[in-house]
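Starting from 1, each residue takes its place in the sequence as its number. Remember, it's 1-based here, ligands and their atoms both numbered in the order they're listed.
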Amino acid sequence: MKKDLLNNKIFQMAVSQFDRTADFLELDQSVRERCKWPKRLITVTVPIQRDNGETEVFFGYRVQHHLSRGPVKGGLRFHPGVTLGEVAALAMWMNWKCALMDLPFGGGKGGITCDPRTLSAHETENLTRRFAMEILPFIGPETDVMAPDMGTNEQTMAWITDVYSTHAGHFVPGIVTGKPVELQGSEGRTQATGHGVAFLITRAFDKLNIKEQNATAIIQGFGNVGSHAAFTLSRYGVSITGISDITGAIWNEQGININELTKHVHQTGGVKDFPGAEFIDPDEMLLQPCDALVPAALERVINDKNAAQLQCRVLAEAANGPTTPLADAILESRDDIFLIPDVLCNAGGVTVSYLEWVQNIQRYQWSEQEILTKLETKLEAAFEKVIHFAERSQTSHRVAALSLGIEEVATAKSVRGLFP
Ligand code: NAD
């Protein structure tokens, strides 16, 4: 299994970041091994009947990295590129993120290898419900709590809530987060990740003496995270000059109108052909000068081919794993880019997920304003912790953020001891 996992580029990336940080922390070998490998790797087959009457079998995964500090927490991804290795890497990153944010969760992640754009609403519902049934013995509000990720949304979470609650014989809102508010989802959860990304960019701007009103940003990805980051940044006065998604990339030196673009995306399914901007090559877009570059789509998009050419002041990793270790080495040798590493940058989502879970368990509801205030307080604390650690230890922001998360998990494992 180790060999199979290590065959995957994204898992290798997560392991390489872990090993580097464990070396930096001089982590004891026995704890290091326990922290590195996932506790449970669950693979299920998910057969559904397609609308044309044919049966198709999909592969689904859920990886629970460790359960030492609480239930595992992490998204569910529907994407053609989903593999067990990718899911395991994302679960590992969730660990360090939850620990860094001081949330009582371990890391988990799930996914189904499918192209959601080719599935009808009915097929998507059947796929989700059948997947939930297949992994039912392994999930629960105290074991594993899923949330939306690429290709999934609050409707997906509503179906999972329904399957789990029907099986339990009573309504169990704490089984997932990112649910609709009508099912006791939290106010503010949908925009939480993007809002957090934008908030942290302003914290970085403060450190660099950049004023929002004079600043520009380029965003890759206009889904949940990218679009809400764009909205919040433009509300703060930042001009968004470039945006890309799977359909292409658009550019407007004067700033893209985010409200108009959102309408266009709802009507056409993508940013392509938006009348308020010009076409730009998506790879070229990443290299344009800007104050904040926000990869909010895929892994490994900042790599050894483009890292040296980036012209941003802040690299805000809204996506998980957007920067390869080779690119990291290049970025570290440049002192002109302020990195907000993924485990910190996109932690707004899991933080509000935690608040949703707390509300579900307590049968209590906070207002959107209360949620966003709690979120910003937590993000601010983690941001300052990372910056101070990096300064004190003369290390990169990534190693600092991972060190804070990994140390927390390693300590919990040491204190609990090894079950015979
Ligand atoms: P989403 O499915 O809502 O949106 C993904 C976006 O990426 C879409 O606009 C899609 O068109 C675009 N995209 C896909 N392929 C692309 C390509 N080749 N080039 C440019 N754009 C492309 O997903 P999301 O929830 O916004 O997640 C985006 C990233 O943020 C993922 O890495 C995810 O793991 C991470 N993340 C999401 C959350 C959350 O709360 N949703 C939380 C933490 C991290």
Side-chain angles (χ1 to χ4, degrees), residues 10 13-14 73-82 86-87 89-94 97-98 101 107-111 114-117 124 146-157 176-179 185-186 188-197 200 218-231 242-250 261-262 264-266 268-272 274 280-286 293-302 316-323 340-354 356 375 379:
I10 300 172
M13 208 171 118
K73 187 85 198 73
L76 175 68
R77 176 175 288 198
F78 288 180
H79 192 271
V82 165
E86 179 193 62
V87 171
L90 291 162
M92 196 198 281
W93 284 320
M94 280 302 291
K97 191 184 301 180
C98 292
M101 295 307 296
K109 203 79 181 189
C114 66
D115 185 350
R117 295 186 313 157
T124 309
M146 286 186 272
D149 193 80
M150 273 177 84
T152 57
N153 53 31
E154 59 176 39
Q155 179 59 68
T156 323
M157 296 303 117
V176 292
T177 58
K179 310 174 281 294
S186 181
R189 173 60 185 90
T190 311
Q191 68 268 42
T193 310
H195 181 91
V197 169
L200 288 170
I218 293 173
I219 303 179
Q220 181 191 51
F222 199 66
N224 175 288
V225 180
S227 67
H228 284 106
F231 261 120
I243 297 183
S244 69
D245 71 3
I246 197 153
T247 65
I250 56 169
L261 179 64
T262 304
H264 175 81
V265 170
H266 281 152
T268 67
V271 302
K272 190 169 165 254
F274 175 58
I280 184 171
D281 178 81
D283 294 335
E284 283 296 313
M285 183 192 80
L286 301 177
L293 176 62
V294 188
L298 306 169
E299 294 92 6
R300 301 176 61 80
V301 290
I302 309 297
E317 294 184 336
N320 286 304
T323 307
I340 311 177
D342 50 4
V343 290
L344 170 66
C345 191
N346 64 36
V350 72
T351 303
V352 175
S353 275
Y354 162 69
E356 180 173 335
L375 168 66
L379 286 174

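Distances from atom 27 (O) of ligand 1 to the heavy atoms of Met150, Gln191, Lys97 put Met150 nearest. Distances from atom 8 (C) of ligand 1 to the heavy atoms of Ala249, Gly223, Pro322, Ala297 put Gly223 nearest. Remark: among candidates Val225, Thr351, Thr152, Asn153, the nearest residue to atom 24 (P) of ligand 1 is Val225, based on non-hydrogen atoms. Looking at Thr193, Asn224, Val265, it is Asn224 that brings a heavy atom closest to atom 3 (O) of ligand 1.
The backbone N or O of Pro295 sits nowhere less than 3.5 Å from a side-chain atom of Gln220 that would complete a donor-acceptor pair. When atom types are taken as modelled, the side chain of Asp342 and the backbone of Gly321 share a donor-acceptor pair closer than 3.5 angstrom. Using modelled atom types, no side-chain atom of His79 and backbone atom of Pro116 make a donor-acceptor pair closer than 3.5 Å. No side-chain donor-acceptor contact under 3.5 Å links Thr193 to the backbone of Val225. In this structure, Asp283 contributes its side chain and Leu286 its backbone to no donor-acceptor pair below 3.5 Å. Not a single donor-acceptor pair under 3.5 Å links the side chain of Asp245 to the backbone N or O of Gly270.
For atom 10 (C) of ligand 1, the closest non-hydrogen atom on the protein side is Ile246 N, 4.0 Å. Residue, atom and distance of the protein heavy atom nearest to atom 28 (C) of ligand 1 are Ala296 O, 3.4 Å. Here the protein heavy atom with the shortest distance to atom 19 (N) of ligand 1 is Asp245 O, 4.0 Å. The nearest protein atom to atom 33 (C) of ligand 1, hydrogens excluded, is given as Asp149 OD1, 3.3 Å; this is a heavy-atom distance.
With rounding to the nearest 0.5 Å, the separation of CG in Leu293 from CD in Glu317 is 10.0 Å. Note that the CD atom of Glu356 and the CE atom of Met157 stand 10.0 Å from one another [nearest 0.5 Å].
A donor atom on one side chain and an acceptor atom on the other are not found under 3.5 Å apart for Asn153 and Asn224. Side-chain contact, Asp149 with Thr152: no donor N or O sits under 3.5 Å from an acceptor N or O.
Looking at ligand 1, you won't find any N or O of Gly349 less than 3.5 Å from one of its N or O atoms. Backbone and side-chain nitrogen or oxygen atoms of Gly151 are examined, and one is located within less than 3.5 angstrom of a nitrogen or oxygen of ligand 1. Residue Leu90 places no N or O, backbone or side chain, under 3.5 Å from any N or O of ligand 1. Considering both main-chain and side-chain atoms, Leu298 never comes within under 3.5 Å of ligand 1 through any nitrogen or oxygen pair.
Near Phe222, the atoms of ligand 1 lying under 4.0 angstrom from a non-hydrogen atom of the residue are 9 (O). Atoms of ligand 1 found under 4.0 Å from any heavy atom of Arg77 (numbered from 1 in listed order, with element): 31 (C), 32 (O), 33 (C), 34 (O). Close contacts between ligand 1 and Ser244 involve ligand atoms 20 (C) [criterion: under 4.0 Å to a heavy atom]. Here is the list of ligand 1 atoms found below 4.0 Å of a heavy atom in Asn346: 43 (C), 44 (C). Ligand 1 places these atoms under 4.0 Å from at least one heavy atom of Arg189: 40 (O).
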**Prompt:** Run the side chain to side chain contact (heavy atoms under 4.5 Å, CB included) check on Met101 and Leu379 step by step: do they pass?
**Reply:** CA-CA 8 Å; Met101 295 307 296; Leu379 286 174; 3.8 Å; yes
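When non-hydrogen atoms are compared, ligand 1 lies under 4.0 Å from neither the backbone nor the side chain of Val301. Within the 4.0 Å heavy-atom criterion, the part of Ala318 lying near ligand 1 is the backbone and not the side chain. Contacts of Glu299 with ligand 1, taken as heavy-atom pairs under 4.0 Å, are absent altogether.
Ion pair Glu154/Arg189 not flagged as a salt bridge, since none of the NZ, NE, NH1 or NH2 atoms sits closer than 4.0 Å to an Asp/Glu carboxylate oxygen.
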